[in-house]
Amino acid sequence: MREIKTPAELKLASGDDSIVGWAAQGFTTGARAWRAGSAVVVAAPDVSRHDRLAVVGPVSEAVRLAAAVLTEVGPSFRPFGDEELIREMAEHLPGLEFAAAFGWMDTDQVPDVTTTAAWLDGDAGVAALLDTASPSSYAWPGHPGVRRWAAVTGDDGELLSVAADAWSAPGVGFLAGVATHPVARGKGLSGQVCGFVTAELVKRHGRVALMVDGDNAAAIAVYRRLGYTYRQVAAAGPSA
């Protein structure tokens, strides 16, 4: 295997795959990447709450490369990529088991959305809204990599719907921490705040991505209306 040293080399080796481009974080946070044949693996520490091992390429090549990389970087890294590939890795690599399937969605289009959302000056009130509306969110105020929050607010300044710019990479912005207060649901506010953040991140990074539970049909529909396309992915982790 050969180590990849630059974002440009990673982009060329992976065919500009958004998952590995995002995981590498521009090589500014300690990520390392390797290639072997047509397979590429990125070991990225503490990206969206996990040490992630982003993997792309033909199954046989990718499994062999991931095995070699895990030997070098250690077992804390959680393999992440297309579901078929991750299932093969979990079946063939000792010490791994399949953890979960979910969705990766991305877009390079600026959505046409009418919105009152705006970036917040700070994060006051965000944690309280997340506690109420989305306690399982990966993005929280103050967590490393969570850069800023946008919100739709009420007439009294109350936060009604929020979303974060979190773990964005130079070529792939990342949308996370989406939450709408229960009393404000059904009014299209999540579409407004996600549309605003999507537009801002596409303009800055050229592309934006997010992760979503595969059974969250309502959220997936919102993101599709904003121009995102869906990719079935999965993660594996150390065997119990």
Would you mind reporting whether [Y] and [X] have side-chain heavy atoms less than 4.5 Å apart?
| X | Y | result |
| --- | --- | --- |
| Pro141 | Leu130 | yes |
| Asp46 | Asp51 | yes |
| Leu10 | Phe27 | yes |
| Val146 | Asp123 | no |
| Leu85 | Val63 | yes |
| Phe80 | Arg78 | no |
| Gln109 | Val202 | no |
| Met1 | Arg64 | no |

To the nearest 0.5 Å, what is the distance between [atom1] ([X]) and [atom2] ([Y])?
| X | Y | atom1 | atom2 | value |
| --- | --- | --- | --- | --- |
| Leu160 | Lys187 | CG | NZ | 7.5 Å |
| Tyr228 | Leu210 | OH | CG | 5.0 Å |
| Thr229 | Arg224 | OG1 | CZ | 8.0 Å |
| Phe77 | Leu70 | CZ | CG | 9.0 Å |
| Ser14 | Glu9 | OG | CD | 10.5 Å |
| Met211 | Ile19 | CE | CD1 | 7.5 Å |

Tell me the closest heavy-atom pair linking [X] and [Y], and the distance in Å.
| X | Y | value |
| --- | --- | --- |
| Tyr230 | Gly214 | OH-CA, 3.5 Å |
| Arg231 | Ser18 | NH1-OG, 4.1 Å |
| Gly177 | Ser137 | CA-OG, 3.5 Å |
| Gly26 | Ala169 | N-CB, 4.5 Å |
| Ala176 | Ala139 | CB-CB, 3.9 Å |
| Val42 | Ala33 | CG2-CB, 3.8 Å |

- Message: Assess the residue pair Val197 and Trp119 against the criterion (side chain to side chain contact (heavy atoms under 4.5 Å, CB included)); give the C-alpha distance rounded to whole Å, side-chain angles, the decisive distance to 0.1 Å, and a yes or no.
- Response: CA-CA 8 Å; Val197 174; Trp119 294 117; 4.1 Å; yes
Are [X] and [Y] connected, step by step, through hydrophobic side chains (Ile, Leu, Val, Met, Phe, Trp, Tyr) whose heavy atoms are closer than 4.5 Å?
| X | Y | answer |
| --- | --- | --- |
| Leu175 | Val110 | yes |
| Met105 | Val172 | no |
| Tyr223 | Trp104 | no |
| Ile4 | Leu65 | no |
| Val56 | Leu93 | no |

Any donor-acceptor pair under 3.5 Å linking the side chain of [X] with the backbone of [Y]?
| X | Y | value |
| --- | --- | --- |
| Gln192 | Thr116 | yes |
| His205 | Gly171 | no |
| Glu158 | Gly154 | no |
| Arg204 | Gly206 | no |
| Asp82 | Val233 | no |
| His92 | Glu88 | yes |

- Query: When Phe196 is tested against each of Val113, Leu201, Thr115, Val152 for side chain to side chain contact (heavy atoms under 4.5 Å, CB included), which residue passes?
  - Reply: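 Between Phe196 and the candidates, side chain to side chain contact (heavy atoms under 4.5 Å, CB included) is satisfied uniquely by Thr115.
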- Query: Can we say Glu83 and Arg87 salt-bridge, meaning some charged N sits less than 4.0 Å from an Asp/Glu carboxylate O?
  - Reply: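 Judged by the 4.0 Å cut-off on N to carboxylate O distance, Glu83 and Arg87 do form a salt bridge.
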- For Thr107 and Val208, what are the C-alpha separation, side-chain angles and deciding distance, and is it a side chain to side chain contact (heavy atoms under 4.5 Å, CB included)? CA-CA 6 Å; Thr107 183; Val208 60; 3.5 Å; yes
- Atom CG of Asp155: over 12 foreign heavy atoms under 6.0 Å: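 No, not enclosed.
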- Message: Could you check whether atom CD of Glu84 has more than 12 heavy atoms from other residues, nucleotides or ligands sitting under 6.0 Å from it?
- Response: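 No, because the 6.0 Å sphere around CD of Glu84 holds 12 heavy atoms or fewer from other groups.
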- Candidate pair Gln25 and Phe174, rule side chain to side chain contact (heavy atoms under 4.5 Å, CB included), full reasoning: CA-CA 11 Å; Gln25 296 284 293; Phe174 199 71; over 6 Å; no
- Message: Please list all pairs meeting side-chain hydrogen bond (donor to acceptor under 3.5 Å, both in side chains) that have one or both residues in residues 166-180, counting only residues at least two apart or in different chains.
- Response: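 Applying side-chain hydrogen bond (donor to acceptor under 3.5 Å, both in side chains) to every pair that reaches into residues 166-180, excluding sequence neighbours, yields Ser161-Thr180, Asp165-Ser168.
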- May I have the step-by-step check of side chain to side chain donor-acceptor pair (under 3.5 Å) for Trp22 and Ser48, ending in yes or no? CA-CA 11 Å; Trp22 169 72; Ser48 187; over 6 Å; no
- Message: Show, in sequence, the C-alpha distance, side-chain angles and deciding distance for Trp149 and Val193, and conclude whether the side chain to side chain contact (heavy atoms under 4.5 Å, CB included) test is met.
- Response: CA-CA 10 Å; Trp149 294 85; Val193 72; over 6 Å; no
- Message: Centroid separation under 6.0 Å, is that true for the rings of Tyr138 and His50?
- Response: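 Yes, ring centres under 6.0 Å apart.
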